[in-house]
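It should be emphasised that the depicted structure is a prediction, and the values quoted were computed from it without experimental measurement. All chains are named by letter (A, B, ...) in the order of the sequence lines, taking the proteins before the strands, and each is independently numbered beginning at 1.
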Protein chains: 2
Amino acid sequence: MATSRRSSTPLSRERILDAAQAIVLAEGASALSMRRVAAELGTGAMSLYNHVRDKEALQVGLAERVLAQVEVPVGASRHELCATWTRSVRRTLLANQPILPIILSVPRRSALGEIGRLLGGALMATGMAERDARDITAVLGRYIAGSLVFEGAASRRGDVDADELDRTFELGLDALLGGLEAVLTREPEPAPTEA
Amino acid sequence: MATSRRSSTPLSRERILDAAQAIVLAEGASALSMRRVAAELGTGAMSLYNHVRDKEALQVGLAERVLAQVEVPVGASRHELCATWTRSVRRTLLANQPILPIILSVPRRSALGEIGRLLGGALMATGMAERDARDITAVLGRYIAGSLVFEGAASRRGDVDADELDRTFELGLDALLGGLEAVLTREPEPAPTEA
DNA sequence: ACCTGAACACCGTTCAAGT
DNA sequence: ACCTGAACACCGTTCAAGT
């Protein structure tokens with residue numbers, strides 16, 4: 001009886017997030033409840049509230065953990081930066097599929113905005129105008145989010161032809177980047193001289 | 001006291017869906033519960049189960065109602081068919097924003113697949129190969145779904161610059177259709193003669 | 001066939017009491 | 001400061017009993 005859960009390590013936000021993540025990955029987002037997490041940790045539900053404001057804060061924490069895994073985009077060209085970022089976001093979120101409904105439902109701005117800034121920053125570092133960088137990030141973000149919704153549904157339905165899903169995703173990504181070529185190659189107006 | 005709710009018209013799937021829809025539109029998807037719907041109709045929760053298998057079936061019914069409003073796409077060219085269908089789906093779902101989380105979470109295949117077939121059918125009627133029609137529908141569907149996720153989040157957050165959201169959406173749609181031009185203009189292989 | 005109350009197994013969270 | 005039991009106001013659904 002090595003792993004008795006009762007009052008071993010003290011409760012902490014980290015341990016609570018660990019337990020929550022394990023539950024969601026094993027049993028799906030709908031299995032996540034304060035009481036269930038507490039049971040997993042050998043306490044009562046109310047003990048969690050010393051480390052986490054409420055259930056939503058716990059969900060935000062879960063989302064942040066996943067989104068923090070997205071790598072900063074690399075690539076020689078803007079086109080390549082966009083392609084690698086888009087694939088990286090999709091891959092990361094696909095590897096955490098059961099958490100996806102939580103990520104998509106949790107208040108934006110926080111973590112999802114953060115990963116957008118990864119691409120936006122990389123594009124602006126190539127001299128792209130801020131507005132163009134924001135537009136491109138927004139459009140690619142929408143395409144990724146929609147793809148994940150469909151792919152999540154497909155896998156929940158059990159009909160997962162991963163190759164076919166990959167092919168469709170790449171087809172759309174190609175089309176998008178092709179269609180955005182004009183924006184991708186546009187140089188910013190030189191800053192107007194004051195006088 | 002004209003509108004007493006008690007035992008007026010008999011319960012029916014239709015009346016239950018009406019009540020459910022009203023609740024979601026007024027108070028959001030999270031306010032939907034069997035007990036709440038029943039209360040609205042002046043009965044106990046269990047009476048609903050004579051007309052609706054369970055809560056999920058009720059949600060599917062709600063999703064189908066909204067998706068049934070999507071118009072069959074019209075347009076002289078394939079490009080135009082795609083553009084009007086995409087805008088029509090977005091417009092319809094945006095007009096029912098509070099129901100969107102339900103539509104996106106409910107098992108696919110049923111109603112969402114149906115509206116995809118509207119565009120797929122229209123494209124194939126122009127002589128497009130089935131596989132191309134499916135690809136285009138899939139990519140546009142992903143883009144719409146992702147856009148609605150972001151726009152729903154923005155409106156939940158209160159920062160809704162509708163014009164800016166429209167502009168971003170159109171920008172992505174343009175890019176997508178531009179990038180899909182090769183597929184859109186491709187004619188199907190002539191059916192190989194048997195001998 | 002349709003309705004429905006009681007009951008079961010759950011929720012998130014507040015509050016007051018403990019250490 | 002951290003923990004926690006009891007309690008409140010909810011859930012979806014089953015089951016047995018009614019008409």
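A salt bridge between A:Arg78 and A:Glu187 is present, with a side-chain N of the basic residue lying under 4.0 Å from a carboxylate O of the acidic one. In this structure, A:Glu14 pairs ionically with A:Arg65, as a charged nitrogen and a carboxylate oxygen lie closer than 4.0 Å. Between A:Arg90 and A:Asp166 there is a salt bridge, since a side-chain N of the basic residue sits under 4.0 Å from a carboxylate O of the acidic one.
The base-pairing partner of D:dA1, taking Watson-Crick or G-U wobble contacts with both distances under 3.5 Å, is C:dT19. Pairing for D:dT13 is with C:dA7, a Watson-Crick or G-U wobble pair whose two hydrogen-bonding atom distances lie under 3.5 Å.
When B:Val72, B:Leu123, B:Ile144 are each tested for a side-chain contact (heavy atoms from CB on, under 4.5 Å) with B:Trp85, only one passes: B:Ile144. When A:Leu32, A:Asn96, A:Leu100, A:Val37 are each tested for a side-chain contact (heavy atoms from CB on, under 4.5 Å) with A:Val24, only one passes: A:Leu32.
Within the 4.0 Å cut-off from OP1 or OP2 of C:dT13, at least one side-chain nitrogen or oxygen of A:Tyr49 is found.
Here D:dT14 presents its C1' atom at 15 Å from CZ of B:Arg53, a figure rounded to the nearest Å. Per the geometry, CZ belonging to A:Arg15 stands 15 Å off C1' belonging to D:dC2, to the nearest Å. Distance A:Leu41 CG to D:dC2 P: 17 Å, rounded to the nearest Å. For A:Leu32 and C:dC11, the CG to P distance is 10 Å, given to the nearest whole Å. Following rounding to the nearest Å, B:Lys55 (NZ) and C:dC11 (C1') show an atom-to-atom distance of 12 Å. As rounded to whole Å, 16 Å separates atom C1' of C:dC10 from atom CE of A:Met34. Here C:dT14 presents its C1' atom at 13 Å from CG of A:Asn50, a figure rounded to the nearest Å. Look at CG on A:Leu48: it is 12 Å from P on C:dC11, rounded to the nearest Å.
Minimum atom distance to the side chain of A:Arg35 is reached by D:dA7, of the listed D:dG12, D:dC3, D:dA7.
Along DNA chain C, the nucleotide nearest A:Asp54 and the nucleotide nearest B:Thr43 are compared for position; the residue whose nucleotide lies closer to the 5' end is B:Thr43.
Within 4.0 Å (heavy atoms only), B:Ser33 reaches sugar-phosphate atoms of the nucleic acid but no base atom. Residue A:Met46 is classed as a base contact, given a heavy-atom separation below 4.0 Å to a base.
Here the separation of C:dA9 from D:dC10, taken at their P atoms, is 22 Å to the nearest Å.
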